[in-house]
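For reference, the structure discussed in these notes is given below.
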Amino acid sequence: MTARGGNACDIVVFGGTGDLAMRKLLPALYYLHRDRHLHPQTRILALARARHEPEAYRRLVRRHVSQHVASADFSEDSWGSFSARLDYMPLDISQRLEFARLARHLGDSPGRVRVFYLATLPDLFAPTALHLHGAGLVDDQARIVLEKPLGESLATARRVNDQIGSVFDESRVFRIDHFLGKEAVQNLLALRFGNALFEPLWRNGHIDHVQISVLETVGVENRGAYYDQAGAMRDMVQNHLLQLLCLVAMEAPVHFEPEAVRNEKLKILEALRPITGMDVQDQTVRGQYSRGRRAGETLPAYYFEKSVDHDSNTETYVALRAEIDNWRWAGVPFYLRTGKSLAQRKSEIVIQFKSVPHRLFPGTTPQGNRLVIRLQPDESISLSLMAKSPGRGMALQEVELDLHFDEAFKRRRWDAYERLLLDVIEGDATLFMRRDEIEAAWRWVDPIIGGWQEVYRSPKRYAAGSWGPEAADSLLERAGHAWFDERGD
């Protein structure tokens with residue numbers, strides 16, 4: 001069995017010695033090869049500044065791939081045939097003339113799909129595209145994959161999009177968000193649009209509020225230089241969290257095909273109520289972790305991390321209240337939060353349904369009626385209901401109907417990058433962001449960042465290893481809400 005598209009392909013990875021390539025891209029390509037989803041003539045060429053010989057690079061990749069795939073899935077036979085596809089060439093992206101050498105290395109390949117994956121700093125996206133074009137490497141079969149974030153503001157995103165668009169047609173630009181490749185995220189679409197049960201309830205008449213959380217226990221680690229310029233808003237909210245919000249809130253597309261799906265997501269981004277001026281203080285919280293402890297270990301403050309300015313006001317935590325001004329969602333708050341160096345690692349979407357209109361059973365506090373879609377670390381869907389506790393009387397307690405993917409599906413789940421890489425090869429852009437989506441997201445985010453700079457300069461401190469700044473709890477408490485199960489889950 002060959003790739004579903006059936007085409008031979010050159011997969012060219014810029015940044016081939018970086019963390020993303022070693023932890024995610026190359027292990028994903030190994031799985032696609034092992035499971036025979038790649039055409040027999042597909043080649044993988046990694047590029048970076050480091051002066052490795054191809055065989056030395058293969059040894060480096062072998063060490064990382066064997067660490068990042070399940071031990072039962074790594075075999076010498078599969079590695080041997082995979083490594084035969086894998087090549088390496090030193091290349092300095094800043095040197096335009098080196099792209100002529102890349103063109104000679106790839107050779108003439110009419111009709112062959114070329115995927116240029118830019119696992120690099122965003123500043124290099126546009127120059128790389130222009131150099132590829134100058135070297136004659138961009139034709140109707142060439143595709144470019146861009147990692148987030150794209151730009152630092154609406155103006156810079158437009159500039160990058162213009163430069164990329166001068167070389168690659170929009171249909172061949174794949175702006176990747178790996179969250180959209182996760183099994184649980186796609187199951188959200190299946191849950192919403194494949195079952196009649198939820199559609200009548202999926203609206204403001206029945207939903208009280210929605211929470212979207214992406215929480216990390218790690219700090220910035222080795223990304224200090226990048227992160228101190230970006231912050232949590234640019235790094236996570238503008239892309240990951242807003243994309244998840246779109247999938248929760250979008251209307252059903254007429255067809256499940258790329259443009260129809262992306263049109264519906266764009267409508268949600270355009271319906272987001274702007275947060276501007278003094279509303280920034282009332283509807284957003286930005287924080288930065290200070291020194292703290294977790295499980296007896298001392299955790300450093302953000303400003304002591306490597307490559308971080310000691311006077312930095314960069315936010316490592318964001319919580320905000322968003323509202324969507326359309327008929328389905330009017331009046332329903334969407335609470336978004338993300339942060340680093342927190343008490344727990346989890347990514348989840350919580351749909352809190354409204355309580356019953358009348359308390360029929362005395363002494364019972366209505367709870368339950370909650371749908372939780374867990375994206376990581378354990379992908380699952382859980383529906384909380386109220387049921388009678390065994391024994392005398394009508395005491396109710398919350399119970400859960402759980403779908404754990406590991407238990408329900410007795411086969412290996414694909415990593416997000418496997419699915420997304422194969423989609424790029426086939427030219428399927430359904431799970432990728434279109435230019436107007438990116439720019440609509442920046443149009444909403446820019447005034448918040450501007451408001452912080454004007455009236456909300458210093459982030460609120462929270463201890464590393466905690467649940468974030470107390471102001472984030474107050475953001476929900478003012479409406480009688482609370483973050484879901486953060487202390488005990």
Side-chain angles (χ1 to χ4, degrees), residues 1-18 20-48 52 54-55 57-62 64-66 68-69 73-89 91 99 102-119 128 132 135-147 168 171-174 176 178 181 412 414-429 431-432:
M1 177 171 57
T2 60
R4 288 172 289 175
N7 293 324
C9 180
D10 288 337
I11 302 171
V12 182
V13 180
F14 290 85
T17 58
L20 175 63
M22 292 298 177
R23 286 194 306 111
K24 293 295 185 181
L25 301 182
L26 291 165
L29 289 168
Y30 169 84
Y31 271 123
L32 291 176
H33 164 81
R34 191 204 67 163
D35 296 338
R36 302 177 66 188
H37 290 293
L38 298 180
H39 190 282
Q41 299 304 314
T42 288
R43 303 181 297 182
I44 302 167
L45 174 63
L47 307 170
H52 292 297
E55 192 53 43
Y57 180 75
R58 293 186 189 102
R59 290 195 296 270
L60 178 66
V61 173
R62 185 188 191 282
H64 282 85
V65 168
S66 63
H68 291 102
V69 305
D73 295 334
F74 187 85
S75 72
E76 293 299 332
D77 286 346
S78 293
W79 169 254
S81 54
F82 175 72
S83 65
R85 297 183 185 270
L86 183 60
D87 198 4
Y88 179 81
M89 189 179 85
L91 182 139
F99 284 75
L102 171 61
R104 291 193 298 271
H105 188 93
L106 292 174
D108 293 330
S109 53
R112 190 178 181 92
V113 173
R114 282 180 176 153
V115 174
F116 298 108
Y117 198 115
L118 273 57
T128 303
L132 288 169
L137 287 169
V138 180
D139 58 23
D140 290 343
Q141 293 298 315
R143 293 152 197 177
I144 190 167
V145 185
L146 308 176
E147 279 281 339
F168 288 87
S171 64
R172 294 184 284 115
V173 179
F174 292 78
I176 194 167
H178 73 274
R412 185 184 70 85
W414 285 33
D415 178 78
Y417 280 97
E418 292 177 61
R419 180 176 297 104
L420 296 173
L421 282 166
L422 198 53
D423 284 349
V424 174
I425 293 169
E426 294 179 348
D428 182 350
L431 298 175
F432 296 82

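Values in this document were obtained by computation on a predicted structure and should not be read as measured data.
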- Message: Rounded at 0.5 Å granularity, tell me how far NE2 in H39 sits from CD1 in I425.
- Response: 11.5 Å

- Query: When you measure from the side chain of R58 to the backbone N and O of L86, does any donor-acceptor pair fall under 3.5 Å?
  - Reply: yes

- Message: side-chain contact (heavy atoms from CB on, under 4.5 Å) for L25 and I11? Distances and angles first, verdict last.
- Response: CA-CA 11 Å; L25 301 182; I11 302 171; over 6 Å; no

- Ignoring hydrogens and angles, tell me if any N or O in the side chain of R112 forms a donor-acceptor pair with the backbone of A8 under 3.5 Å. no

- Query: Between D87 and R43, is there a salt bridge with N-O shorter than 4.0 Å?
  - Reply: no

- With F174, the side-chain contact (heavy atoms from CB on, under 4.5 Å) member among V145, L420, D428, L421: V145

- Message: Using 30° and 60° as the class boundaries, would you call the ring planes of Y417 and Y117 parallel, tilted or perpendicular?
- Response: tilted

- Query: Can you find a pair of side-chain heavy atoms, one from D415 and one from Y31, that are under 4.5 Å apart?
  - Reply: no

- Task: Look only at the side chain of H33 and the backbone of F82, and say whether a donor-acceptor pair between them is shorter than 3.5 Å.
- Result: yes

- salt bridge (Lys or Arg N to Asp or Glu O under 4.0 Å) filter on R143, not counting sequence neighbours, yields none

- Message: Are F74 and H68 packed together at the side-chain level, in the sense that at least one heavy-atom pair is separated by less than 4.5 angstrom?
- Response: no

- Item | Partners meeting salt bridge (Lys or Arg N to Asp or Glu O under 4.0 Å) with R23 (sequence neighbours left out) | D19

- Query: Taking R34 for the side chain and S78 for the main chain, is one N or O donor matched with an acceptor at less than 3.5 Å?
  - Reply: no

- Message: For T17, give me all partners under side chain to side chain contact (heavy atoms under 4.5 Å, CB included), at least two apart in sequence or on another chain.
- Response: A48, A50, H52, Y57, Y88

